[in-house]
Amino acid sequence: MKKLLIFTFLLSVLMVFAQKTHTVVAKENPYSISKKYGISIDELYRLNPKVKDGKLNIGDVLVVSKRAEEKPKTTEKPSVSLSGNVTKIVLQPKQTIYGITKQYHIAEADLRKLNPELDSHLKIGDEVTLPAENVKKYADKNAFNRNFAVTIPAPIADTPKVDASTEKSNVDDSSYVIQPKDNYYKITKNFGISQKDLFEMNPGLEEKGLQPGAVIKVKKSVNSNSSVKETVALQDDNKPAKQASVSQEDEYQTYTVQDGDTVFGILNKFGITLDQLIAMNPRVTDGLKTGMVLKVKKLESAYVKKNEGALNVILMLPFGFEASDSKYRSMATDFLTGAKLAIERNASSGQKLEIKVVDAGSESSFRNSLSQINQENTDLIIGPFFKSNVLDVLDYVKSKKIPVVAPFANSPELRNFNNLVITETDEEVFADRIVKEVLQAYSDQKIYIVADNDSQNANYIKNNIKKQLKNSNIIIVNSAAEIQLDTNMMTGQSAPVMAILASKEENLGNEFAQRMMSLSSETTGVKAFSMYYHSVFDKEEESLRKANLVYLMDRKINTDGSFEKEILATYKKLYCKTPSKYAIIGFDVVNDILSRENSKGELFKQMSKTQTQLATKFEYVKSKEGAYVNTGCRVVRLIP
């Protein structure tokens with residue numbers, strides 16, 4: 001019995017070591033790991049089911065190769081016979097190993113057996129060997145359902161390369177070779193056809209877009225039964241990446257990859273699946289690169305304004321509160337002064353605007369003001385202020401889908417409306433950013449989080465840091481005085497700590513600043529972070545530099561900026577005072593939204609632009625529920 005137990009133990013050990021493993025380090029993701037070990041992303045997922053949610057932690061151990069005894073599974077791709085006739089394809093732009101296995105229904109393991117030298121970084125013009133039966137069966141079937149063209153040479157003779165200029169001379173009068181700067185509007189105008197006709201004559205063109213060098217049909221021909229041959233010109237990947245924007249031609253939202261982005265972060269941000277991302281961007285399987293422009297979602301049909309004239313805008317502001325409660329009337333008046341400046345600024349730039357100010361009354365009497373909204377002649381509604389009133393407006397205009405902008409209201413119930421823009425940034429966004437900053441600066445220090453009576457933000461920050469730094473020492477305290485320097489176990493000397501302020505309370509802000517200045521005078525390397533801006537940070541800026549303070553800023557004016565100086569001077573000239581908090585919000589919200597409107601009133605086609613106004617950063621993301629939500633926040637770093 002003892003021998004049997006020893007044998008079983010040895011067998012299990014051998015089986016474990018027969019598997020090749022990898023320990024996750026910082027900045028790695030499933031794509032980089034799969035590329036490193038030459039396995040497909042599907043295989044990595046199969047060997048490590050937990051990876052499917054994209055949540056890799058530093059120190060996780062992943063299996064990156066099969067056990068020697070395990071036979072390859074082919075449940076995801078049908079097996080093929082590697083014996084018999086084979087042929088070759090010539091690689092075209094954007095073609096990837098993943099794309100080839102999907103198109104020709106061949107497992108990646110089988111593909112690599114036929115092509116031992118196959119490299120993850122494929123080069124245009126390389127030849128790849130495939131079973132002739134698979135090429136014959138699947139090449140024509142998918143001719144118009146992929147984002148690239150495949151040229152199939154004869155088994156013996158080499159296939160000559162054809163460029164766009166040669167191909168252009170060989171097409172008939174009903175065909176046209178796409179040029180680099182062509183778009184749908186230009187082509188349809190030149191050939192006197194509608195966009196609908198263009199797509200009908202060229203199945204698949206709407207999905208894959210215009211590819212320079214490809215031949216398309218531009219005239220209907222009753223005698224032509226031959227399929228359209230496509231050649232794709234090489235695109236220059238070294239050109240500077242464009243800013244994230246929405247394509248007007250094919251109505252896809254695009255996103256420019258930023259430093260630190262991950263595939264799963266992008267999937268979550270835009271509410272799409274991995275398959276959808278790869279289908280729109282085959283190059284993603286080769287890894288993300290900073291500056292890469294990705295298609296991330298096909299847009300829903302955009303709202304278009306009612307007529308050819310001016311953009312009709314309604315401002316709904318709560319002026320009608322009782323005389324005993326002037327708070328909201330004062331807020332509305334200040335908001336209107338800022339909004340008026342933004343309106344005049346955009347009108348002077350040539351934008352045609354018709355503005356109507358509606359008294360939203362009190363929260364209880366609000367419904368009476370809805371009758372002032374002419375749904376047949378309104379293109380944009382900014383306001384009202386309160387969640388219940390915003391819900392009433394959304395219900396009132398639901399059949400017309402008129403865009404509504406909520407300057408202050410932000411709650412889960414509002415996110416279900418795809419014609420709503422929420423300008424207030426969630427506190428969770430600020431907390432996530434602080435977590436990111438702490439992780440980047442962390443080097444085994446003790447971490448203190450200062451919380452007020454509501455410790456929700458502090459607990460959220462602690463839990464998210466713990467997910468990434470499992471052995472970290474994090475303490476939540478209610479007073480900055482409880483923050484103590486750590487002790488170096490080797491030398492017995494004081495060691496620096498990290499401290500996070502997770503409260504808006506001004507007294508805690510002052511206390512936190514004083515404590516950080518005191519600790520940083522005792523030892524170097526103290527690192528301080530704050531979810532919110534406090535006025536003491538400006539007053540004690542030089543001293544707080546020694547504490548390496550990093551704080552997030554919302555609705556604070558950079559008085560050194562030329563744009564900011566211009567707006568402040570204009571406001572003071574008009575109203576003989578500096579703008580209040582709500583005047584600043586009024587200007588920022590209205591100026592930002594009006595600057596996104598185009599001549600057709602298609603606001604939602606411009607929402608991917610990131611813009612900073614007088615004091616607010618606007619970076620909208622379309623939530624999974626439907627509404628556009630601002631995720632913008634500015635980071636200030638005080639460097640010694």
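- Heavy atoms only, all atoms of each residue included: Ile449 and Ala502 are closest at CG2-CB, 4.2 Å.
- Distance alone, capped at 3.5 Å, is enough to place a donor-acceptor pair between the Thr425 side chain and the Gly632 backbone.
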Practice task
Please lay out, stage by stage, how Leu62 and Leu47 fare under the test side-chain contact (heavy atoms from CB on, under 4.5 Å).
Solution key: CA-CA 8 Å; Leu62 305 180; Leu47 294 171; over 6 Å; no
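- Listed for the Asp261 side chain is no donor-acceptor partner under 3.5 Å among the backbone atoms of Thr290.
- At least one donor-acceptor pair under 3.5 Å links the side chain of Lys466 to the backbone N or O of Ser472.
- Phe604 and Tyr628 have parallel rings, their planes meeting at less than 30° on a 0 to 90° scale where 60° marks the start of perpendicular.
- Nearest heavy atom pair, residue Gln468 against residue Leu439, reads CG-CD1, 3.6 Å.
- A side-chain donor-acceptor contact under 3.5 Å links Asn134 to the backbone of Tyr104.
- Listed here is the closest heavy atom pair of Ser494 and Thr523: O-OG1, 4.0 Å.
- Considering CD1 of Ile422 and OG1 of Thr631, their distance stands at 12.0 Å, rounded to 0.5 Å.
- There is a side-chain donor-acceptor pair under 3.5 Å between Asn410 and Asp426.
- No hydrogens or angles considered: nothing links the side chains of Tyr620 and Gln611 as a donor-acceptor pair under 3.5 Å.
- The backbone N or O of Asn459 sits nowhere less than 3.5 Å from a side-chain atom of Ser455 that would complete a donor-acceptor pair.
- Minimum heavy-atom separation, Tyr533 to Met553: CB-CA, 4.5 Å.
- At distances below 3.5 Å, not a single donor-acceptor pair connects side-chain atoms of Asp486 with backbone N or O atoms of Ala495.
- Here the CG atom belonging to Leu114 is positioned 7.0 Å from the CG atom belonging to Leu130, to the nearest 0.5 angstrom.
- Atoms CD and CD1, on Gln456 and Ile461 in that order, are 11.0 Å from each other to the nearest 0.5 Å.
- In this structure, Asn630 contributes its side chain and Glu619 its backbone to a donor-acceptor pair below 3.5 Å.
- Distance check, rounded to the nearest 0.5 Å: CZ of Phe430 to OG of Ser530 gives 10.5 Å.
- We find the OG1-CZ distance between Thr610 and Phe618 to be 11.5 Å, quoted to the nearest 0.5 Å.
- Across all non-hydrogen atoms, the minimal contact from Glu482 to Tyr448 is O-CE2, 3.6 Å.
- Looking at Arg433, its side chain never comes within 3.5 Å of a backbone N or O of Leu552 through a donor-acceptor pair.
- With no hydrogens or angles considered, a side-chain donor-acceptor pair links Gln445 and Ser443 at under 3.5 Å.
- Other residues, nucleotides and ligands contribute over 12 non-hydrogen atoms within 6.0 Å of the NZ atom of Lys446.
- Between the CG atom in Leu294 and the CG atom in Asn281 there is a gap of 4.5 Å [rounded to 0.5 Å].
- In this structure the side chain of Val438 reaches within 4.5 angstrom of the side chain of Met498, judged on heavy atoms.
- Between Leu501 and Tyr532, the closest side-chain pair of non-hydrogen atoms is not below 4.5 Å.
- Scanning all heavy atoms of the two residues, the minimum distance from Pro496 to Leu485 falls at CA-CD2, 4.4 Å.
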